[in-house]
Structure formats: structure tokens, C-alpha cells
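What follows is a set of notes on a single structure, which appears directly below.
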Amino acid sequence: MKKVKLEDIRIDGGTQYRDQINQDVVRDYTESMRDGDIFPSMQTVFDGSTHWLVDGFHRYFAYMALGVKNVDVEYKPGTQREAQIIAMGVNGNHGLQRNNATKRRVVEAALIHEDTKDLSNRQIAEICKVSDTFVGSIRNPEVKAKQAEKIERHFKKKFEEQDAERGLTATEVKPASPEDDFAPDADELKANDMALAADIEAMHRFLEADDKLAQQHAEIEKLNFLNAQLQLRIDALMREKNELVKECKKLQKQADKAKK
């Protein structure tokens, strides 16, 4: 870790891959910093004379808004080109989640970068923290269409199987007897888990193949999270209300007793 001048950190070295800087996040960070919250150090690559910022752009602009002069950074020795490659995987599994537009920009950059353009889909996927199928869909647009067809066939088959099962249930159901054991065995549970995992993986690939759908899915997840938070708050308020009602009844009894 090293303390450096904020003005000495370069942000114009091709290491910022987000489709945009979220100004709401910058404002939130600024307020939190003003309130005294401590943030992780920004990450840079130092080439001997210049610190190239690879992780912490929202924090950088928040520090600028506050007029901070010196900041702590964690740095690795390396070149500007190495900084660009490191930045490709930033926020792949931490920090502000990347949207599909950002992931696409990262992969497109890797596919033309002098040091990564000849790597395999899997190697680029590891660098960019995405799936190799996502890389393949960008490197070869025809792959995207094939992925969509494959996913559509997968879910069509699942629906047909479910319809067939419902049909059998409707025509071949027999009365249950007390001796019947309806609990699934270990193999059946394992098969169900594997099928569920396959469905989830297929859904993730489907989302990666369609930017608009991925954005809608992310918005739904955000709304579900906010709804869950509101529900927790409502439950807490209801508990508080119930406690207050109990306390009021207790005080009323004491008051009635005192009058006697």
C-alpha cells in the first residue's frame, strides 16, 4: 500500500471498461466518505512513473468531489498494457455489478488487445470473468444465434416433458393407500438437483445472449430486493406495534387498578 496524490493517478489509460460511470453511486460514496466511512484502497498498476487506475473509478470521482488530495492505493508493478488486461476482470465478482453492456465492452477489448486477441475463448473468459460461451457469441456472432436456438429447444423439451407428465397423472392416477411411500429417494433428489442446476445455467446463458432481457432481469432482481427490504421493515414495524399495544394494555390495567 502506498499514499499517492490523487492527481498523479491516471484514468485515461484504457483501463475503464464500464459503459458509464454511475453518478448516483458517486454521490452515495461521496456522502458516505463525508460521514466518515472507510473505503477499500483503490487498485493501480505502477510502471515506475505512473499509477494507472484499474479498480476504484467511482471512489476516484467521489474523492475528487470532496477535494481529497492524497489517497491510499494498493499497486502492482507493471505496464499500461498489463493494467488494461487486469482491469478487464475488475468487478467480475465484487463491487458494483457489471451490466451486459460493460461485459460486452470488456470482451470486445480483449478480442482486439495485442496481448489477448489470440487467446482461446476460455482463456479470455477467465480474464474477463464471463462465460466462454459469452466470449464465443461476441467473437463469432453466429454462435449467439445457435445458443438461442439451443436454449429454446432445451426449454421447449422441458415444457413438453412436463405436459406429458401432467397427462399421465390425469389418466393413470390410482387411489393412494397408507402403505404408499411418496418420498423421493436419494437418486431422484440428486437427479432433480442436477436438472435444476442445468436449468439455471441455461437461463444464465440465455440472459448473457440478450442484453435487453438481461437488463430487465437485473431490474426485476433489484425490485425484488427492494420489496424484500420493505417487507422486513413492515414486519419489524408490526412487531413494534404489537409490543406497544401490549404495553398500552398493561398500563391501562395498572391505571384501572389504581382508580379502585
Side-chain angles (χ1 to χ4, degrees), residues 18 20-42 55-68 71-72 91-100 102 155 158-159 162 165-166 169-170 173-186 188-197 199-204 206-207 212-260:
R18 288 191 184 277
Q20 62 180 346
I21 294 295
N22 190 320
Q23 296 302 322
D24 289 335
V25 173
V26 173
R27 282 191 288 271
D28 288 343
Y29 284 6
T30 303
E31 290 301 319
S32 296
M33 291 174 180
R34 187 176 287 117
D35 291 340
D37 291 348
I38 305 300
F39 282 71
S41 300
M42 295 186 293
D55 187 2
F57 283 85
H58 288 90
R59 281 167 279 170
Y60 175 91
F61 287 107
Y63 287 131
M64 280 192 63
L66 290 172
V68 173
V71 294
D72 289 326
N91 297 129
N93 47 27
H94 76 278
L96 182 63
Q97 185 177 8
R98 304 177 299 178
N99 58 23
N100 260 31
T102 296
F155 283 104
K158 291 288 293 184
F159 293 145
Q162 291 171 1
E165 290 176 359
R166 284 193 288 269
T169 302
V173 164
K174 66 176 183 178
S177 66
E179 291 78 16
D180 287 332
D181 182 8
F182 294 100
D185 59 22
E188 185 178 356
L189 289 172
K190 183 177 180 180
N192 288 337
D193 289 341
M194 292 175 66
L196 178 60
D199 287 346
I200 293 174
E201 175 64 20
M203 180 61 72
H204 285 168
F206 184 70
L207 290 173
K212 186 175 180 180
L213 185 59
Q215 291 173 0
Q216 293 174 341
H217 182 261
E219 185 64 24
I220 290 172
E221 286 189 329
K222 180 180 178 180
L223 291 173
N224 285 339
F225 177 73
L226 292 174
N227 183 60
Q229 286 186 315
L230 288 173
Q231 188 59 54
L232 288 173
R233 182 56 181 156
I234 290 171
D235 292 342
L237 290 172
M238 290 298 295
R239 287 193 296 270
E240 291 177 11
K241 186 203 77 170
N242 292 336
E243 290 298 322
L244 288 172
V245 170
K246 289 181 181 178
E247 187 65 23
C248 287
K249 289 182 178 179
K250 181 179 178 181
L251 292 173
Q252 186 62 51
K253 290 181 178 178
Q254 292 176 350
D256 292 342
K257 187 176 181 180
K259 289 179 181 179
K260 296 177 180 179

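For the atom pair CD (Q23) and OG1 (T30), the distance works out to 9.0 Å, reported to the nearest 0.5 Å. Here D28 contributes atom CG and D37 contributes atom CG; the two are 11.0 Å apart, rounded to the nearest 0.5 Å. Here the CZ-CE distance, from F39 to M33, works out to 4.5 Å after rounding to the nearest 0.5 Å. Distance check: L251 CG to K249 NZ gives 13.0 Å after rounding to the nearest 0.5 Å. Between the NZ atom in K246 and the NZ atom in K241 there is a gap of 11.5 Å [rounded to 0.5 Å].
Counting only heavy atoms from C-beta outward, the side chains of R18 and N91 approach each other to under 4.5 Å.
The local environment of CG in L237 is crowded, with over 12 non-hydrogen atoms from other residues, nucleotides or ligands closer than 6.0 Å.
Under the 4.0 Å criterion applied to side-chain N and carboxylate O atoms, R27 and D24 are assigned as salt-bridge partners.
Summarising the geometry of N99 relative to T102, their closest heavy-atom pair is OD1-N, 2.7 Å, with the distance given to 0.1 Å.
Counted by atom type alone, D35 and S32 present zero donor-acceptor pairs between their side chains at under 3.5 Å.
A donor-acceptor pair is defined here as one N or O able to donate and one able to accept, closer than 3.5 Å; no such pair exists between the side chain of R34 and the backbone of L66.
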* Test log, rule salt bridge (charged side-chain N to carboxylate O under 4.0 Å, His left out), inputs E247 and K250 -> CA-CA 5 Å; E247 187 65 23; K250 181 179 178 181; 5.1 Å; no
